[in-house]
Amino acid sequence: MHYDYLLVGAGLFNAVICQHAIKAGKTCCVIDKRSHIAGNIYTEEIAGIQVHMYGAHIFHTSNQEVWEYINQFATFNNFINRVKANYNGKMYSLPFNMATFEALWGVKTPQEAEAIIEKQRAILQGRTPKNLEEQAIHLVGTDVYHTLIEGYTQKQWNRPCNQLPAFIIQRLPLRFTYNDNYFNDSYQGIPIGGYTKMIAKMLHGATILCNTDYFDFIQQTQDTFSKIIFTGKIDEFFHYRLGKLEYRSLHFETEILDIPDYQGNAVINYTSYDVPYTRIIEHKHFEFGTQPKTVISKEYPADYTDGKEAYYPINDDKNNALYIAYTKLKELYPNIIFGGRLGAYKYYDMDKIIASAFEVCKNEKLR
Ligand code: FAD
Ligand code: UDP
């Protein structure tokens, strides 16, 4: 059989492309080496609860085009991510806001909080921050840094904060109000019924083959494809001929508990270096669940080695240069488009993934 597109990876990026292609009358074959569709946003129902099997996923965006698009395939609830942090048994509010400063210093006004941060920032002696540690102290002072950032970040990245790029911490808002919404975006929510159902709708009309690795499949198939969209690892595609890109991995320990509520919140971060996991997710709270049981996942950071999942690209100078060298090799394959978080070697939130898939659709005249 001839297909217009072979879509390698059944994650969100290819789901957007597949949906556009099918609508435009094209034929698509979607393969994934995993046993299921939906990539990292895969959810599975356990004890009546949608469990986020590859880590908590909250959809948030300020891009109206993306929001209207994704709402065609799911109804989103009105979940707002309000993360709490446990440091040595005491609870704090995240992201950094007046409730955090009140818990740390007993302050009641933005002026008092700003004055304390200003004083603590003096340790930098006016230097422009050149790494994550300095950036964090510059933003929120030494107390917040030692309580809520240092241990968590060092666990997550397995490197001291003064050896990490400053931009990682810029993802977190800092507010001198009591607004504890983890995100600044205009739209936010969780798809009712889970992400897997949403992706299944987007892939409708395609041939879908799970447990199918591209590198074996392409040797064995008799089918032909006009174009290939590859959302696997770009260095693997080129058989690591220029070297390996580095990633951080994770592993999750998921338990079903015979109680209705374990922690009273969807996400609680553990910010001390001494606790081996970075956060505990209680999945039912993403959907305001009232089931008699609950499901929790402890999220442990892990080194990335062969066979593990590549979760976070390590975008330091060395890896970024290697990635650029790989992008030059793409020119040898004009009928292959590389995309998604692994193909682009970038930490992309879901809305950015959709927006980047729109670009491919436009270039392909599908949108
Ligand atoms: P993936 O979902 O990774 O899909 C790629 C697919 O390709 C995979 O299924 C893989 O098995 C398959 N594949 C790879 N190689 C091959 C091969 N050789 N042959 C066949 N198949 C192959 N974003 C948000 O907006 N909100 C959040 O709250 C959020 N939380 C996150 C939490 C964590 C822990 C992480 C790591 C990411 C989070 N993200 C979040 C980002 C989100 O996961 C991504 O934006 C999204 O999953 C990217 O989709 P994708 O299609 O590019 O990649
Ligand atoms: N971070 C932190 N303490 C927290 C949560 C986050 O120091 O309690 C830092 C950490 O460096 C992390 C970054 O902020 O890598 C971005 O956090 P986010 O929640 O966006 O994503 P994560 O990397 O934890 O998936």
Side-chain angles (χ1 to χ4, degrees), residues 6-17 30-42 52 54-61 66 81 83-87 92 94-96 100 132-133 135-136 140 144-145 147-157 159 161 164-173 182-183 185 188 190 195 199 209-218 229-234 236-237 247-250 252 267-271 278-279 281 286 297 299 301 309-313 339-344 346-354 356-357:
L6 171 64
L7 302 168
V8 182
L12 180 60
F13 185 87
N14 270 341
V16 173
I17 294 174
V30 184
I31 62 168
D32 203 296
K33 63 181 176 185
R34 296 181 184 170
S35 59
H36 56 77
I37 60 164
N40 274 6
I41 66 174
Y42 174 64
H52 299 214
Y54 297 87
H57 279 81
I58 301 104
F59 197 94
H60 56 96
T61 190
V66 165
N81 201 20
V83 178
K84 304 287 171 238
N86 180 322
Y87 178 74
Y92 296 88
L94 285 174
F96 317 119
T100 326
L132 193 149
E133 177 176 283
Q135 178 70 50
V140 284
V144 174
Y145 171 66
T147 313
L148 298 174
I149 299 174
E150 189 179 24
Y152 182 101
T153 302
Q154 202 165 329
K155 283 191 280 190
Q156 178 83 319
W157 297 96
R159 288 189 194 183
C161 293
L164 283 164
F167 76 86
I168 293 175
I169 197 74
Q170 286 157 358
R171 286 217 291 267
L172 294 192
Y182 202 69
F183 303 114
D185 287 317
Q188 188 170 164
I190 303 281
Y195 286 97
I199 295 288
L209 305 171
C210 291
N211 299 306
T212 305
D213 193 303
Y214 170 75
F215 300 101
D216 304 328
F217 176 78
I218 207 71
I229 317 250
F230 186 84
T231 65
K233 287 165 56 199
I234 187 166
E236 187 178 17
F237 181 87
Y247 296 88
R248 286 293 289 156
S249 191
L250 297 171
F252 297 95
V267 184
I268 297 191
N269 289 1
Y270 284 77
T271 55
T278 46
R279 46 193 167 196
I281 309 303
F286 287 120
S297 299
E299 183 172 324
E309 292 295 342
Y311 281 98
Y312 295 98
R341 64 184 190 96
L342 295 171
K346 241 196 186 130
Y347 182 92
Y348 267 137
D349 275 324
M350 289 180 271
D351 62 329
K352 305 290 181 309
I353 282 287
I354 295 174
S356 68

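Atoms considered below: every heavy atom in the structure, side chains included; atoms not considered: hydrogens, waters and symmetry mates. We count ligands from 1, going down the list as the structure has it; atoms in each ligand are counted the same way.
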| said: As a check for students: among Val267, Leu12, Val16, identify the option with a heavy atom nearest to atom 49 (O) of ligand 1. | reply: Leu12
| said: Looking at Lys155 and Glu299, is any side-chain nitrogen of the basic one under 4.0 Å from a carboxylate oxygen of the acidic one? | reply: no
| query | Under a 4.0 Å heavy-atom limit, does Tyr312 contact ligand 1 with its side chain, its backbone, both, or neither? | reply | side chain
| Partner of Leu7 by side chain to side chain contact (heavy atoms under 4.5 Å, CB included), out of Val30, Asp32, Thr231, Ile31 | Val30
| message | Checking a contact table here: which protein heavy atom is nearest atom 5 (C) of ligand 1, and how many Å away? | response | Thr231 OG1, 3.7 Å
| Is Phe217 touching ligand 1 with its side chain, its backbone, both, or neither, if touching means heavy atoms under 4.0 Å apart? | neither
| task | Identify, for atom 15 (N) of ligand 1, the protein heavy atom at the shortest distance, and state residue, atom and that distance. | result | Gly232 CA, 3.5 Å
| Considering only the protein, which heavy-atom contact is closest to atom 7 (O) of ligand 1, and what is its distance? | Gly9 CA, 3.2 Å
| N/O of Tyr54 under 3.5 Å from N/O of ligand 1, yes or no? | no
| note | of all protein heavy atoms, closest to atom 11 (O) of ligand 1 is Asp32 OD1, 2.7 Å
| task | Can you pull out the closest protein heavy atom to atom 30 (N) of ligand 1? Residue, atom name and distance to 0.1 Å, please. | result | Ala56 O, 3.0 Å
| remark: Residue, atom and distance of the protein heavy atom nearest atom 23 (N) of ligand 1 read Asp349 OD1, 3.1 Å
| message | Measuring only between side-chain heavy atoms, which start at C-beta, is Arg341 closer than 4.5 Å to Asn40? | response | yes
| query | Would one find an N or O of Phe13, backbone or side chain, under 3.5 Å from an N or O of ligand 1? | reply | yes
| remark: With sequence neighbours left out, the residues meeting side chain to side chain contact (heavy atoms under 4.5 Å, CB included) with Pro165 are Phe167, Ile168
| field | Protein contact to atom 45 (O) of ligand 1 [nearest heavy atom, distance to 0.1 Å] | value | Tyr348 O, 2.6 Å
| Any idea which part of Leu250 is under 4.0 Å from ligand 1, heavy-atom wise: side chain, backbone, both or neither? | side chain
| field | Reference residue Tyr312; test ring-ring contact (aromatic ring centres under 6.0 Å, His included); the match among Tyr347, Tyr247, Tyr348 | value | Tyr347
| Which protein non-hydrogen atom lies closest to atom 21 (N) of ligand 1, naming both residue and atom, and how far is it? | Lys33 N, 3.1 Å
| field | Neighbouring residues of ligand 2, heavy-atom cut-off under 4.0 Å | value | Leu94, Leu148, Ile149, Tyr152, Thr153, Gln156, Trp157, Ile168, Ile169, Arg171, Leu172, Tyr182, Asn269, Thr271, Arg279, Tyr312
